[in-house]
Protein chains: 2
Amino acid sequence: MDPTLLQLEALDAIARCGSFGAAAAELNRVPSALSYLIKNLELEAGLSLFDRTHRRATLTPTGRRLLEQARLVLKERDGLTALASELRSGWEPELRVVVDGALPLAPVIRAIRAFAEPEVPTFLRLDVEYQEGVLHRFEQGAELALVLGFEGGGGEEGLHCTPLGELVLLLVAASDHPIASSKREDLDQHNHVELLVRDSAPAFEVDRKPSFMGNRNVMFLSDFQTKKTALLGGAGYGWMPAHLIADSLATGALVHLEQEVNRWTYFPQLVRRPDQPLGRAAQLFIANLCLPFEALVATE
Amino acid sequence: MDPTLLQLEALDAIARCGSFGAAAAELNRVPSALSYLIKNLELEAGLSLFDRTHRRATLTPTGRRLLEQARLVLKERDGLTALASELRSGWEPELRVVVDGALPLAPVIRAIRAFAEPEVPTFLRLDVEYQEGVLHRFEQGAELALVLGFEGGGGEEGLHCTPLGELVLLLVAASDHPIASSKREDLDQHNHVELLVRDSAPAFEVDRKPSFMGNRNVMFLSDFQTKKTALLGGAGYGWMPAHLIADSLATGALVHLEQEVNRWTYFPQLVRRPDQPLGRAAQLFIANLCLPFEALVATE
DNA sequence: TCCATTGATCAAAAATCCTGATCTAAACAA
DNA sequence: TTGTTTAGATCAGGATTTTTGATCAATGGA
């Protein structure tokens, strides 16, 4: 059995209009055309769908049941034409975005909410990555990246960058950790453990990592929330985005260390490729992102 | 845009097989046929689905997205052919069953579980009715009825009946109700309230109800569970299926009244029309119903 | 009873789809 | 570089399917 969409449309129209004639008028056909389609449908299905003993052809129970399923087919077909129309009107089929896990997630979450609307046909893929993993994911084909900030603050490699405010990282430790009461320049004197968020690039070899920490003791963590927990537990010291530890600094659970370099300001950027124009989904994402982002970075 | 199932099948096959040629072989066509179908699909959709700059045609992101939706259409189409095959092999499109609310529901619930299996295409409709409502619903077209028992115990009106064991109704009241301590023949002397389950036939006129209770005080309830609650609350006395009040009799919350007629045995019947043969769904229902029914009626 | 309406049937016309030959261009090996 | 292989596009003719308009039978209402 191999039903045609035409046959299913005829079945649906006849059931809705109540007669072959009315359905034929709706489909801009002649009644005999529908007669032909339905006859073949019944023949191929091996089922009798209409009861012709009375003048008006009425659906049999079998016909009604099959109609239910036929309407599911037609519904998906309509979904296909709608999708084609949307793609034609500028929506990307898929939008991939990378976010540096050090950035505040709240504005990103607000932006992805817009993709739940039914009129947005684009599939959204959002990856939260760390360190080199952010650019690695971007190079693999993501259309947008929210990065912590390039060295020097400006763009490089011919990428199009839009500044998104500023993000402060602070060197902190638990208030009951010995390092909290030590003075400047003490960091190199002791073998305190430095907490670091692990690079999320898959093929990244830990040996090739710039050995700025020398042979000090280090603890690698998967993300900043875990790192915060470890810091609060007194595992060691480390850099944290200010917005993630404002509460702990206020309660005094964490303290800002008094070191030569204990504060670093980054300038987060929205990065995209300059050659290819933004699709409607990318524009939607940016429109829902930028405005609140500035505000949230400032206050958090 | 009006895509054809052929076009969608071609799109799906090319994506699965990796090339026009392999897909053509799978569909028993010639490559140029698929070329023609896809060209028209792209033309009507106004989208480019394949990238032909390289030798092997590869799906564009747009093509991949549209393919996702196309596969949904084909999936529903397959569901349609499967449904047709099932209906052809003897499954009814719909099965309607009525159950008298006085009967134990457990065996019925076991029977309807079988209809959750995906290989059962039949839509099941089950109505729990009371009194005249049971036969009323059966006459409206239900294929099967589980009735409390006809007067005289046998079948009537040329219906096919199968006995399902026996069901005892007991005349009971709350143990702290005045009637509980009264002796036989007292029922007519006092104006105690009789609790009754209301007839569920929609057009049933309460005036035409056989006035066997004369002008006594009555309280109509929607079902036996509600009636049990009202009995436990001491609202009055009434008949209850034994299986529903076994627990309350055991704890002593309800007591079996000592009256001339305080016990009635019914013989529940599975009723169906003798002229039309049973479909597979009806057979499935009965097969899952009968065996446990006898056991449950006896023990409950 | 007649008459309007519904739908089936049929042959011819129209549209669609398939085929097989031919052509272009990319990938690949020498 | 050159020639070979392979994937797919294109095109005209043929096969198939669908549509049409006329005709016919049957039902239900006036």
Side-chain angles (χ1 to χ4, degrees), chain A residues 1-60 62-64 66-67 70 73-74 77 81, chain B residues 1-60 62-64 66-67 70 73-74 77 81:
Chain A
M1 181 200 181
D2 191 14
T4 305
L5 286 175
L6 281 164
Q7 293 171 329
L8 305 187
E9 265 172 342
L11 178 61
D12 172 55
I14 295 166
R16 273 187 295 102
C17 302
S19 77
F20 280 57
E26 194 194 79
L27 298 176
N28 300 316
R29 300 278 152 76
V30 118
S32 63
L34 303 198
S35 203
Y36 166 80
L37 289 172
I38 296 297
K39 191 191 71 178
N40 276 358
L41 181 59
E42 289 183 305
L43 217 65
E44 290 174 35
L47 298 167
S48 114
L49 306 179
F50 284 93
D51 174 14
R52 277 99 158 175
T53 61
H54 302 282
R55 190 156 67 122
R56 302 185 75 88
T58 55
L59 276 170
T60 61
T62 298
R64 269 195 298 277
L66 211 72
L67 172 62
V73 181
L74 295 175
R77 194 275 315 262
T81 69
Chain B
M1 182 201 180
D2 190 15
T4 304
L5 285 175
L6 281 164
Q7 292 170 330
L8 305 186
E9 264 172 342
L11 178 62
D12 172 56
I14 295 166
R16 275 188 295 101
C17 303
S19 77
F20 280 57
E26 193 192 79
L27 298 176
N28 299 316
R29 301 279 151 76
V30 119
S32 63
L34 303 197
S35 203
Y36 165 79
L37 289 172
I38 295 298
K39 192 191 71 180
N40 276 358
L41 180 60
E42 289 183 306
L43 217 64
E44 289 173 36
L47 298 167
S48 114
L49 305 179
F50 284 93
D51 173 15
R52 278 99 158 175
T53 59
H54 302 281
R55 191 155 68 124
R56 300 185 77 89
T58 55
L59 276 170
T60 61
T62 298
R64 268 195 299 276
L66 210 73
L67 172 63
V73 181
L74 295 175
R77 193 275 316 262
T81 68

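Per chain, numbering begins at 1; letters A, B, ... match sequence-line order. Please read all numbers here as calculations on a predicted model, not as lab measurements. Note: hydrogens, waters and symmetry copies are ignored here, and every other heavy atom, side chains too, is used.
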Could you check which of dT18(D), dT10(D), dG20(C) has an atom nearest any side-chain atom of Val30(B)?
-> dG20(C)
Hey, does the side-chain of Ser32(B) have a donor or acceptor N/O within less than 3.5 Å of a partner on the base of dG20(C)?
-> yes
Would you say Arg56(A) reaches dT27(D)'s phosphate, i.e. side-chain N/O to OP1/OP2 under 4.0 Å?
-> no
Please evaluate the base of dT19(D) for a donor-acceptor partner in the side chain of Arg29(A) within a cut-off of under 3.5 Å?
-> no
Grab the CZ-C1' distance between Phe20(A) and dG21(D) for me, whole Å please.
-> 18 Å
Short side-chain to backbone donor-acceptor contact, Ser19(A) and Ala22(A), under 3.5 Å = yes
Can you tell me the distance, in whole Å, between the CG atom of Asn40(B) and the P atom of dC17(C)?
-> 7 Å
Name the residue closer to the 5' end of DNA chain D, choosing between Pro31(B) and Leu34(A) according to the nucleotide with the nearest heavy atom.
-> Pro31(B)
For the side chain of Arg55(A) and the base of dT5(C), is some donor closer than 3.5 Å to an acceptor across the two?
-> yes
Length of the CD-P vector between Glu44(A) and dT16(D), whole Å = 16 Å
State which of dT9(C), dG7(C), dT19(D) makes the closest approach to the side chain of Tyr36(A).
-> dT19(D)
For atom CD1 of Ile38(A) and atom P of dT6(C), their distance in whole Å | 17 Å
When the distance from CD of Gln7(B) to C1' of dT16(C) is rounded to whole Å, what number comes out?
-> 11 Å
Is a donor on one side and an acceptor on the other found under 3.5 Å between the side chain of Glu42(B) and the backbone of Ser48(B)?
-> no
With no hydrogens and no angle check, is any side-chain donor or acceptor of Glu44(B) less than 3.5 Å from a backbone partner on Leu41(B)?
-> no
May I ask you to decide whether Arg77(B) forms a salt bridge with Glu9(B), counting only side-chain N to carboxylate O separations under 4.0 Å?
-> yes
Nucleotide dC18(C), atom P - distance to CG of Leu27(B) in whole Å | 9 Å
What's the CD-P distance between Glu42(A) and dT9(C), to the nearest Å?
-> 10 Å
Which pair of heavy atoms, one from Met1(B) and one from Ala45(B), lies closest together, and at what distance?
-> CE-CB, 3.7 Å
If only side-chain N and O atoms of Ser19(A) are considered, is one of them under 4.0 Å from the OP1 or OP2 phosphate oxygen of dG7(C)?
-> yes
How close or far is atom P of dT19(C) from atom CG of Leu37(B), stated in whole angstroms?
-> 10 Å
Hey, which sits more toward the 5' end of DNA chain D by its nearest nucleotide, Asn28(A) or His54(A)?
-> Asn28(A)
When all nucleic acid strands are considered with a 4.0 Å heavy-atom cut-off, which category describes Ala57(B): base, sugar-phosphate, or nothing?
-> sugar-phosphate
